[in-house]
Amino acid sequence: MIQLGFDFFARETELVARELLGKIMEYNSPWVKFSGIVVEDEAYLGVNDPGSHSFRGKTKRNAVMFGPAGISYVYLIYGMYYCYNVTTHREDIPAAVLIRALQPLEGIEVMKKNRKKENLKDLCSGPGKLAQAMGIGMTLNGTSAVDGPVKFFDPDLLGEVKIREATRIGLTQGAESLLRFYVKDNVFVSRK
DNA sequence: GATTGGATCGCCT
DNA sequence: GGCGATCCAATCG
């Protein structure tokens with residue numbers, strides 16, 4: 001299985017978001033190895049995208065988006081949940097892809113414990129859920145998604161990944177753009 | 001120093 | 001489909 005390198009992430013954000021579907025996200029926590037198939041994500045573009053954290057310029061929170069591609073960007077949302085992103089594009093273009101849902105593969109028993117849920121569909125079907133399931137927090141922010149605790153792999157699913165596009169979830173600005181992507185007919189997607 | 005609102009989830013109907 | 005929980009960060013003064 002081929003690992004995705006810097007070159008994969010250092011491309012146009014929308015393309016990276018589309019191609020990440022069907023790839024495997026792996027998180028080697030200190031105690032457990034987690035993995036799952038990326039089945040839903042969203043593209044957040046640079047300073048011209050009103051829905052992106054980077055729209056209003058560089059701040060302490062979004063600083064990672066302004067760095068190189070292939071870096072994990074984690075932030076706290078609504079005071080209760082973490083969201084995991086990976087940075088994309090060029091160093092001078094602050095963009096990232098939000099991982100919204102995974103089809104769980106490894107570490108499932110610990111995911112169930114962390115989520116207090118037994119149904120596989122309740123473990124990683126949403127950005128806050130998958131972070132909670134794998135114990136992702138701010139310690140991952142700024143770490144490499146190429147040679148750090150998080151890695152992505154290409155399982156070579158060939159033509160099995162049919163992509164659908166839709167509007168991004170939860171935005172008040174830039175809500176109309178079709179920048180959310182998910183695997184058609186996959187039951188682990190958070191919203192159709 | 002105070003205010004405001006958010007890339008969510010779970011429980012309710 | 002609607003709403004409350006909950007708190008940090010950004011913005012403004």
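Chain identifiers are assigned alphabetically (A, B, ...) following the order of the sequence lines, protein sequences preceding nucleic acid strands; residue numbering begins at 1 within each chain. These values consider heavy atoms only, across backbone and side chains, with no hydrogens, waters or symmetry-generated copies. Quantities reported herein were computed from a predicted structural model and do not represent experimental measurements.
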J.: Report which part of the nucleic acid A:Arg168 touches: base, sugar-phosphate, or nothing (heavy-atom distance under 4.0 Å, all strands).
T.: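 A:Arg168: no heavy atom of the nucleic acid under 4.0 Å.
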
J.: Considering only nitrogen or oxygen atoms on both sides, find all protein atoms under 3.5 Å from nucleotides 1-3 of chain B and state each distance.
T.:
none

J.: What's the CD-C1' distance between A:Glu40 and B:dC9, to the nearest Å?
T.: 14 Å

J.: Send over the distance from A:Gln173 CD to B:dG5 P, rounded to a whole Å.
T.: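 Rounding to the nearest Å, CD of A:Gln173 and P of B:dG5 are 11 Å apart.
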
J.: With nearest nucleotides of DNA chain B determined for A:Ser190 and A:Thr172 from heavy-atom distances, which residue corresponds to the more 5′ nucleotide?
T.: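 That would be A:Thr172.
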
J.: According to salt bridge (Lys or Arg N to Asp or Glu O under 4.0 Å), does anything in residues 154-167 of chain A pair up with another residue at least two apart or in another chain? List the pairs.
T.: A:Arg18-A:Glu165

J.: May I have all residue pairs that pass salt bridge (Lys or Arg N to Asp or Glu O under 4.0 Å) and include part of residues 114-142 of chain A, sequence neighbours excluded?
T.: A:Lys112-A:Glu118

J.: For DNA chain B, what is the dot-bracket line, given that a base pair needs Watson-Crick (N1 to N3, plus N6-O4 or O6-N4) or G-U wobble (N1-O2 and O6-N3) geometry with both distances under 3.5 Å, and | means paired with another strand?
T.: ||||||.|||||.

J.: If you look at every heavy atom in A:Gly5 and A:Val146, which pair is closest and at what distance?
T.: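 Heavy atoms of A:Gly5 and A:Val146 come nearest at C-CG2, 4.0 Å.
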
J.: Side-chain contact, heavy-atom cut-off 4.5 Å: A:Leu123 with A:Ile108?
T.: yes

J.: Quick one: hydrophobic cluster around A:Leu179, which other residues, with the 4.5 Å side-chain cut-off, linked directly or via members?
T.: A:Leu45

J.: Listing request: all ring-ring contact (aromatic ring centres under 6.0 Å, His included) pairs with a residue in residues 103-134 of chain A, at least two apart in sequence or in separate chains.
T.: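 Checked against ring-ring contact (aromatic ring centres under 6.0 Å, His included) - neighbours excluded - no pair reaches residues 103-134 of chain A.
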
J.: Do you know which two heavy atoms are closest between A:Lys151 and A:Asp147, and how far apart they sit?
T.: CE-CA, 4.4 Å

J.: So, do A:Phe9 and A:Phe152 have ring centers that fall under 6.0 Å from each other?
T.: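 Ring centroids of A:Phe9 and A:Phe152 are less than 6.0 Å from each other.
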
J.: Can you name the salt bridge (charged side-chain N to carboxylate O under 4.0 Å, His left out) partners of A:Lys184, sequence neighbours left out?
T.: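 By the salt bridge (charged side-chain N to carboxylate O under 4.0 Å, His left out) rule, A:Lys184 matches no residue at all.
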
J.: Taking the six-membered ring for Trp and the full ring for Phe, Tyr or His, determine whether the centres of A:Phe8 and A:Phe6 are under 6.0 Å apart.
T.: no

J.: Shortest non-hydrogen contact from A:Arg180 to A:Arg191?
T.: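 Shortest heavy-atom contact: NH1-O, 2.8 Å.
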
J.: With a 4.0 Å limit, can you tell me whether A:Arg115 has a side-chain N or O closer than that to the phosphate oxygens OP1/OP2 of B:dG10?
T.: yes

J.: Could you tell me which non-hydrogen atom of A:Lys58 sits nearest to which non-hydrogen atom of A:Ala63, and how far apart they are?
T.: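 Closest heavy-atom pair between A:Lys58 and A:Ala63: CE-CB, 4.0 Å.
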
J.: Please report the shortest heavy-atom distance between A:Leu76 and A:Met138, naming the atom on each side.
T.: N-SD, 4.3 Å

J.: Would you mind reading off the distance between A:Arg180 atom CZ and B:dA7 atom C1', rounded to a whole angstrom?
T.: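 From A:Arg180 CZ to B:dA7 C1': 12 Å.
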
J.: Would you find a donor on one side and an acceptor on the other, under 3.5 Å apart, between the side chain of A:Glu42 and the backbone of A:Ile99?
T.: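 Such a contact is absent between A:Glu42 side chain and A:Ile99 backbone.
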
J.: Can you pull out the residues from residues 73-84 of chain A that lie within a 4.0 Å heavy-atom distance of DNA chain C?
T.: A:Leu76, A:Tyr78, A:Gly79, A:Met80

J.: Expressed in angstrom and rounded to an integer, what is the separation of A:Leu123 atom CG from B:dC9 atom C1'?
T.: 14 Å

J.: Decide whether A:Thr13 and A:Tyr44 meet the rule of one side-chain donor and one side-chain acceptor closer than 3.5 Å.
T.: no

J.: A:Arg56 has an atom CZ; how far is it from atom P of B:dT4, in whole Å?
T.: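 About 16 Å, once rounded to whole Å.
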
J.: Determine the Euclidean distance between corresponding C1' atoms of C:dC3 and B:dG5; express it in Å to zero decimal places.
T.: 16 Å

J.: Sort me out a list of protein N/O and nucleotides 11-13 of chain B N/O pairs below 3.5 Å, or just none if empty.
T.:
none

J.: Is A:Asn141 reaching over with its side chain to a backbone N or O of A:Val74, donor-acceptor style, under 3.5 angstrom?
T.: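 Side chain of A:Asn141 to backbone of A:Val74, a donor-acceptor pair under 3.5 Å: yes, one is there.
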
J.: May I ask you to say whether A:Arg168 pairs ionically with A:Asp49, meaning some side-chain N is under 4.0 Å from a carboxylate O?
T.: yes

J.: Quick one, which residues of residues 91-113 of chain A touch DNA chain B with a heavy atom under 4.0 Å?
T.: A:Leu98, A:Arg100

J.: Could you tell me which non-hydrogen atom of A:Leu130 sits nearest to which non-hydrogen atom of A:Ala101, and how far apart they are?
T.: CD2-N, 3.7 Å

J.: Heavy atoms of chain A, cut-off under 4.0 Å: which first and last nucleotide of DNA chain C, 5' to 3', fall inside that, if you could look?
T.: C:dA5 to C:dT11

J.: Any donor and acceptor pair, going by atom type alone, linking the side chain of A:Asp41 with main-chain N or O of A:Arg100 inside 3.5 Å?
T.: no

J.: For the backbone of A:Val189 and the side chain of A:Ser125, can you confirm whether one donor and one acceptor N or O come within less than 3.5 Å of each other?
T.: no

J.: Tell me the interatomic distance from A:His53, atom NE2, to B:dG6, atom C1', rounded to whole angstroms.
T.: 8 Å

J.: Is there a donor in the side chain of A:Ser35 and an acceptor in the side chain of A:Glu26, or the other way round, less than 3.5 Å apart?
T.: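 No pair is found: no donor N or O on one side chain lies under 3.5 Å from an acceptor on the other.
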
J.: Give me the residues of residues 124-138 of chain A where at least one heavy atom lies under 4.0 Å from an atom of DNA chain B, by number, or none.
T.: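 Hits under 4.0 Å, by residue number: A:Gly126, A:Pro127, A:Gly128, A:Lys129.
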
